[in-house]
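All chains are named by letter (A, B, ...) in the order of the sequence lines, taking the proteins before the strands, and each is independently numbered beginning at 1.
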Number of protein chains: 2
Amino acid sequence: MAEKVSIGEASRSCGVKVPTIRYYEQIGLLLAPPRTEANRRTFDPGDLRRLAFIRHARELGFEIDAIRTLLTLQDDPHQPCSTADAIARARLAEVQQRIDSLTALKAELGVMIESCSHGKVADCRVIEVLADHNQCTQPHH
Amino acid sequence: MAEKVSIGEASRSCGVKVPTIRYYEQIGLLLAPPRTEANRRTFDPGDLRRLAFIRHARELGFEIDAIRTLLTLQDDPHQPCSTADAIARARLAEVQQRIDSLTALKAELGVMIESCSHGKVADCRVIEVLADHNQCTQPHH
DNA sequence: GCTACATCCTCTAGTGACTAGAGGAGCAAG
DNA sequence: CTTGCTCCTCTAGTCACTAGAGGATGTAGC
């Protein structure tokens, strides 16, 4: 027979903070678990798996709404997985875009810092470049 | 004598939305500009430069508080620029970390998508990997 | 001068995904 | 019995805006 755990144990075992678990319940991402007589939440292994799924998906940067969709897919294993695939692909594209844009930023910041003379603000390239977009090496934005 | 422009023109010339300009004024990032008789804001070239500075810094991912510091530095050109330099370096470190973490995510998502059999959810690697962290190739999180 | 329509004003409330804190109850160990 | 930990609910705060209501003013064409 499956063991039931408290919210604190669920939190420790899944690596999700206690208030966050309550928040997930509030927004309907996690079904409200049964309570003890003293009104405390009790989580069963299924709940923990769901919570771990959510945590992992959040770490991979999926939005709550996407996770909601992925969870309903998981609940119905006979559906084709093209939706899950599409969500993952969209996320991959986002990540790639973010990497590209951050890489451009990095170059910009690098140049800025390199050419700083470490003197007075009046001659500071960091301030100067920020003040004048045209001094940017790349049209990253 | 310097021309004064409306908030709409300031918005167009600096690429910052009208409500955003008002927001910057509200939080004290932009000094409240003088008004016309009809209570409309009038921006002078100095205001526009400040606004462009803010926009550029935001594009480079600096937080409002960091920008606030950078702006006060800009206003006092005789200070040493080590503070500006430190802010830029901190930002660069953040960007690098973000790139690293996104690169790991990208690899993870790539594997997930690659191994998706495009069949039913029951056999979907995307769902499966999300459900079980141990299937991750990298300890990115 | 009149009529549209764009632009401006202020104000409040909403976004996403939590996080912090108040105020109080229950439980286990010493 | 007291100390301290965990749990409960509720509200409000975070960041950097964004959306929308409701109303005043400015401008262009007729």
Mind checking what makes side chain to side chain donor-acceptor pair (under 3.5 Å) contact with [X], not counting sequence neighbours?
X      : result
Q79(A) : none
R91(A) : E94(A)
D76(A) : none

Check every atom of dC7(D), dT7(C), dC8(D) against the side chain of R41(A) and return the nucleotide holding the closest atom. dC8(D)
Between [N] ([atom2]) and [X] ([atom1]): distance, integer Å:
X      : N       : atom1 : atom2 : answer
Q26(B) : dT18(D) : CD    : P     : 14 Å
R55(B) : dA16(D) : CZ    : P     : 17 Å
E9(B)  : dT27(D) : CD    : C1'   : 13 Å
N39(B) : dG26(D) : CG    : P     : 11 Å
F62(B) : dC15(D) : CZ    : C1'   : 17 Å
I67(A) : dG16(C) : CD1   : C1'   : 12 Å
I27(B) : dT18(D) : CD1   : P     : 12 Å
E94(B) : dC15(D) : CD    : P     : 14 Å

With sequence neighbours excluded, residues passing salt bridge (Lys or Arg N to Asp or Glu O under 4.0 Å) with D85(B): R89(B)
With sequence neighbours left out, the residues meeting salt bridge (Lys or Arg N to Asp or Glu O under 4.0 Å) with R50(B) are D75(B)
Could you go over nucleotides 1-5 of chain D and give all protein N or O partners under 3.5 Å, atom names and distances?
none

One pair to check against side-chain contact (heavy atoms from CB on, under 4.5 Å): F53(B) and Q74(B). What are the steps and the verdict? CA-CA 10 Å; F53(B) 183 103; Q74(B) 198 190 24; 3.5 Å; yes
Would you indicate what I7(B) reaches in the nucleic acid, counting non-hydrogen atoms under 4.0 angstrom: base, sugar-phosphate, or nothing? sugar-phosphate
Provide the full list of salt bridge (charged side-chain N to carboxylate O under 4.0 Å, His left out) pairs with a residue in residues 19-35 of chain A, sequence neighbours left out, each pair given once. E25(A)-R35(A), E25(A)-R41(A)
Report the residue from Q97(A), Q96(A), R98(A) that forms a side-chain hydrogen bond (donor to acceptor under 3.5 Å, both in side chains) with D100(A). Q96(A)
For nucleotides 18-26 of chain C, tabulate all protein N/O to nucleotide N/O atom pairs closer than 3.5 Å, reporting atom names and distance.
unit_1	atom_1	unit_2	atom_2	d
dC18(C)	OP2	Y24(A)	OH	2.8
dC18(C)	OP2	R58(A)	NE	2.8
dT19(C)	OP2	T20(A)	OG1	3.1

Test of understanding: with side-chain contact (heavy atoms from CB on, under 4.5 Å), list the residues that count as partners of R12(B), not counting sequence neighbours. E9(B)
